[in-house]
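See below for the structure under consideration.
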Amino acid sequence: MDFRFEAGVSTPAGIGQQMQDISSIVLMRILEFSGCRLESGVVQSAGVISMPIDRLSDMEENLELLQEQLVGKQKALNLAPQEEKIRIKQQIRELRKEIREQEEENWQVLARQTKTVEIPEHEAEIIVAEIVEEVGQIEVQRQYPDQVIQILQEIRDKLNQPGATAAAKLKGVISSIPPFVGISYEAELDTENFLQRHFPTFRKWAKVLAKKS
């Protein structure tokens, strides 16, 4: 039969649905041909994933698992015979690299998300005050490499600038964490433990925000 789709011309029942089905199949074939796939409404391509913000909680959980693996490998290194130490050290280096990349991505996603999140001013003021005070202590103690202290000083200086609200300043701190992660790992510093030790209120707040996503 010859069906023509013209203005004012009706088509047999079911043809509209068939055309929608055909369109869906064509879309899937186009995505597959371009190296993409469609999963749960999210288009994914080779090497690139369009990740919804609500995956941030899953990313945090994955990071925690990687950190647990690292602790396990470090314990294994202490107990391993000499001939096994080189292999375990290589595994530790690979894990640290994966953790660094995951941490940087986590903070980048969180920084994007907080641009549209309302942060209570009184809550932000407490966190900002903690960061400013602790950076001063770190300066005095000088127990970390100069490049680490330098970026902390830059963060502190931004927080001390007049004009912006504490909430706006806190969002700026989050945006500064990804480069800090890179520098801390170059200095062989455990970023997560560092934040937990020196900025516990800030880290706890960030974790809560991530799990709400």
Side-chain angles (χ1 to χ4, degrees), residues 31 34-74 89-119 124 127-128 130-131 134-135 144-145 147-152 154-156 158-159 167-213:
L31 290 173
S34 61
C36 303
R37 64 186 186 277
L38 188 64
E39 294 183 357
S40 301
V42 178
V43 176
Q44 302 189 14
S45 61
V48 178
I49 300 178
S50 178
M51 184 187 63
I53 293 299
D54 59 11
R55 288 286 305 279
L56 186 55
S57 178
D58 294 337
M59 293 170 63
E60 280 280 346
E61 292 179 3
N62 182 54
L63 180 56
E64 291 174 2
L65 290 174
L66 289 173
Q67 289 165 340
E68 290 175 2
Q69 291 178 33
L70 178 60
V71 171
K73 289 296 181 182
Q74 290 170 333
K89 285 179 179 179
Q90 177 62 33
Q91 293 174 343
I92 288 175
R93 283 194 295 270
E94 292 173 354
L95 265 175
R96 284 178 60 82
K97 180 176 181 293
E98 189 173 356
I99 289 173
R100 183 195 69 198
E101 293 172 350
Q102 181 73 77
E103 283 187 333
E104 288 177 338
E105 184 179 4
N106 282 14
W107 286 104
Q108 287 167 357
V109 173
L110 188 59
R112 290 196 298 270
Q113 181 175 341
T114 52
K115 290 180 180 179
T116 57
V117 170
E118 289 189 10
I119 303 174
I127 298 172
V128 167
E130 174 189 73
I131 295 172
E134 191 62 25
V135 171
Y144 297 108
Q147 62 267 37
V148 172
I149 295 176
Q150 181 179 350
I151 195 169
L152 290 174
E154 291 173 358
I155 292 173
R156 188 266 317 276
K158 291 178 181 178
L159 294 178
K169 291 177 179 180
L170 182 55
K171 292 181 180 183
V173 171
I174 296 173
S175 299
S176 299
I177 297 299
F180 176 77
V181 171
I183 289 176
S184 64
Y185 271 84
E186 289 177 6
E188 297 185 351
L189 183 69
D190 187 325
T191 310
E192 180 64 21
N193 285 338
F194 179 89
L195 294 176
Q196 292 280 15
R197 176 182 178 184
H198 294 286
F199 310 114
T201 307
F202 168 71
R203 190 64 188 105
K204 181 180 179 180
W205 171 82
K207 280 183 173 290
V208 170
L209 181 60
K211 291 185 181 298
K212 287 182 179 178
S213 304

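Note that the numbering runs from 1 along the sequence shown for the chain. Keep in mind the model is a prediction, meaning the values are calculated, not measured.
- In the model, Gln90 has a side-chain atom that pairs as donor or acceptor with a side-chain atom of Glu94 under 3.5 Å.
- Residues passing the side chain to side chain contact (heavy atoms under 4.5 Å, CB included) test with Ala124, sequence neighbours excluded: Ile119, Ala166, Ala167, Leu170.
- From Trp205, atom CH2 reaches atom CZ of Phe199 across 14.5 Å, with rounding to the nearest 0.5 Å.
- For residues 173-191, the set of pairs meeting the salt bridge (Lys or Arg N to Asp or Glu O under 4.0 Å) definition, not counting sequence neighbours, is empty.
- For the side chain to side chain contact (heavy atoms under 4.5 Å, CB included) test, residues two or more places apart in sequence or in another chain that qualify with Lys89 are Leu77, Arg93.
- Using a 4.5 Å heavy-atom cutoff, the side chains of Lys115 and Lys171 are not in contact.
- Checked against a 6.0 Å centroid threshold, the rings of Phe180 and Phe194 count as neighbours.
- Remark: Lys97 pairs with Arg100, Glu101 by the side chain to side chain contact (heavy atoms under 4.5 Å, CB included) rule, at least two apart or across chains.
- Of all heavy-atom pairs between Leu63 and Ile99, the closest is CD1-CG2, 3.8 Å.
- Atom NZ in Lys204 sits 10.5 Å away from atom CD1 in Ile127 (nearest 0.5 Å).
- Of all heavy-atom pairs between Thr201 and Glu130, the closest is OG1-OE2, 2.8 Å.
- Using the six-membered ring where Trp is involved, Phe202 and Trp107 have ring planes that are parallel, under 30° apart on the 30 and 60° scheme.
- Partners of Pro145 under the side chain to side chain contact (heavy atoms under 4.5 Å, CB included) rule, at least two apart in sequence or in another chain, are Gln147, Val148, Ala187.
- Ionic pairing of Lys207 and Glu64 is present here: one or more N-O contacts between side-chain nitrogen and carboxylate oxygen are shorter than 4.0 angstrom.
- When the shell of 6.0 Å around NZ of Lys73 is examined, it contains 12 or fewer heavy atoms from other residues, nucleotides or ligands.
- Ile155 is listed as a side-chain neighbour of Leu159, based on a closest heavy-atom distance under 4.5 Å.
- Residues forming a side-chain hydrogen bond (donor to acceptor under 3.5 Å, both in side chains) with Thr191 (at least two apart in sequence, or on another chain): Ser184.
- Scanning both residues, Ile151 and Ser176, for their nearest heavy atoms gives CD1-O, 4.4 Å.
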